[in-house]
Amino acid sequence: MNKHLIALAVAAATLSGAASAAQVYSDDSSSLAIGGRVEARGLLSEQKDSNDKVSDEVTDISRARVNIDAKTQIADGVQGLGFVEQEITSEGNDTRYVYAGVNSDQYGQLVYGKADGSLGMLTDFTDIMAYAGSVVGGTKLAVADRTTNNLAYTGNFGDLTFKANYVFGGAIDQGGQKVDDAHGFSTGVKFNVADTGLALGAGYGEQRGQIKDKNGKIISDSHNARAEQTFAVASYTMGDLYFGGLYKYGRRDAASLTATYTNTC
């Protein structure tokens with residue numbers, strides 16, 4: 001019997017353990033922490049069989065995330081670091097993060113591996129819901145999201161946060177999806193306006209590489225095939241009240257970049 005999803009998540013029940021981390025080792029120069037969370041989640045959706053009969057079904061989408069965070073002092077004000085996080089579901093495991101790099105108390109952090117791109121801190125302005133918030137938060141180019149083969153910089157300077165990353169040419173793994181021969185960069189900035197509750201942000205991403213149609217067939221193999229995105233965001237917090245807004249502009253060469261537009265949470 002064939003079943004087709006005709007209504008996406010008409011209801012969802014989520015029971016989550018709070019994300020936490022425990023420091024298991026620490027001395028004057030090094031530390032090791034283990035963290036994660038467990039979520040028991042059920043998705044209620046409408047399904048239609050081959051006879052067009054509609055029924056409600058509950059799908060188990062429970063998951064657990066476990067991470068290890070290690071740091072060691074390598075010079076005055078400079079630390080070496082490494083981070084890995086696994087997501088475990090009934091369907092298997094996925095490596096969400098695995099990167100290593102250096103952090104300077106004065107100049108910021110530089111890492112390489114499977115790490116966040118630069119536009120996630122902007123889509124976080126509207127990605128605030130417990131379920132499906134990433135859809136509202138806005139999709140990003142693969143090179144601007146969490147992906148492999150990624151050299152990423154983050155600098156925090158008072159109320160200003162600056163991010164920039166470059167994804168090298170070659171097959172990359174973004175959110176469990178293989179994106180062939182994509183490369184590019186993204187950059188973003190976020191500014192908290194003193195103690196006013198107002199925050200502003202902007203960012204840009206550009207990606208080149210293979211372009212595929214919705215069926216995965218390569219329709220352009222040119223390294224000059226380009227897609228780009230521009231984001232502008234703003235939020236205002238007043239006590240327990242929060243307002244957030246996001247504007248996105250994008251363009252692409254050729255008919256489709258379906259395989260390179262992805263979104264993760």
Side-chain angles (χ1 to χ4, degrees), residues 16 18-21 23 31 33 35-37 65 67 69 71 77-79 81 83 85 96-97 99 101-147 150-167 175 184-206 228-250 262-265:
S16 302
S20 59
Q23 193 171 73
S31 66
R37 72 186 190 210
R65 292 177 179 174
N67 59 64
D69 186 6
K71 295 183 176 69
V78 180
Q79 306 87 38
L81 58 91
F83 185 83
E85 180 173 273
R96 283 174 48 81
Y97 293 96
Y99 60 79
V102 294
N103 177 75
S104 166
D105 296 340
Q106 183 176 1
Y107 299 110
Q109 177 178 288
L110 183 67
V111 302
Y112 174 77
K114 188 172 186 179
D116 285 327
S118 301
L119 298 185
M121 69 173 178
L122 303 182
T123 55
D124 283 348
F125 274 59
T126 51
D127 183 5
I128 60 174
M129 295 185 292
Y131 185 84
S134 58
V135 177
V136 179
T139 55
K140 301 177 285 294
L141 291 171
V143 297
D145 209 337
R146 185 178 71 247
T147 184
N150 188 11
L151 182 66
Y153 169 79
T154 303
N156 295 299
F157 309 100
D159 291 327
L160 180 71
T161 299
F162 173 77
K163 285 190 173 185
N165 73 290
Y166 183 83
V167 176
F185 70 92
S186 66
T187 183
V189 62
K190 181 177 71 171
F191 181 68
N192 296 319
V193 185
D195 296 325
T196 64
L198 178 66
L200 304 171
Y204 174 80
E206 182 177 308
E228 58 183 352
Q229 291 178 329
T230 302
F231 283 79
V233 294
S235 69
Y236 181 71
T237 304
M238 183 174 60
D240 294 330
L241 189 63
Y242 175 85
F243 299 92
L246 178 148
Y247 170 81
K248 179 178 72 174
Y249 169 80
T262 50
N263 194 73
T264 59
C265 59

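Hydrogens, waters and symmetry mates are skipped; everything else that's a heavy atom, side chains included, is used.
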So with a 6.0 Å cut-off around [atom1] of [X], is the heavy-atom count from everything else above 12?
X	atom1	value
F157	CZ	yes
Y107	OH	no
D105	CG	yes

Does any non-hydrogen side-chain atom of [Y] lie less than 4.5 Å from one of [X]?
X	Y	result
I128	T126	no
L81	Q109	yes
T123	K248	no
F162	T187	yes
Y153	Y166	no
V143	E206	no

>> Please check this pair: side chain of N165 against backbone of S118, looking for a donor-acceptor N/O pair closer than 3.5 Å.
In response: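 Yes: the side chain of N165 pairs with the backbone of S118.
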> Can you check whether A115's main-chain N or O pairs, donor with acceptor, with N150's side chain at less than 3.5 Å?
Replying inline: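 Between the backbone of A115 and the side chain of N150 there is a qualifying donor-acceptor contact (under 3.5 Å).
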>> Restricting to non-hydrogen atoms, name the atom on A234 and the atom on L200 that form the minimum distance, rounded to 0.1 Å.
In response: CB-CD2, 3.8 Å
> Which pair of non-hydrogen atoms, one from F125 and one from K190, has the smallest distance, and what is that distance?
Replying inline: CE1-CD, 3.6 Å
With rounding to the nearest 0.5 Å, note down the distance linking [atom1] in [X] to [atom2] in [Y].
X	Y	atom1	atom2	result
M121	D127	CE	CG	15.0 Å
S235	F243	OG	CZ	11.0 Å
T196	M238	OG1	CE	12.5 Å
L151	L110	CG	CG	5.0 Å
L119	D124	CG	CG	11.0 Å
N192	T161	CG	OG1	7.0 Å

>> For Y97, give me all partners under side chain to side chain contact (heavy atoms under 4.5 Å, CB included), at least two apart in sequence or on another chain.
In response: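 So Y97 forms a side chain to side chain contact (heavy atoms under 4.5 Å, CB included) with F83, E85, Y99, D116, R146.
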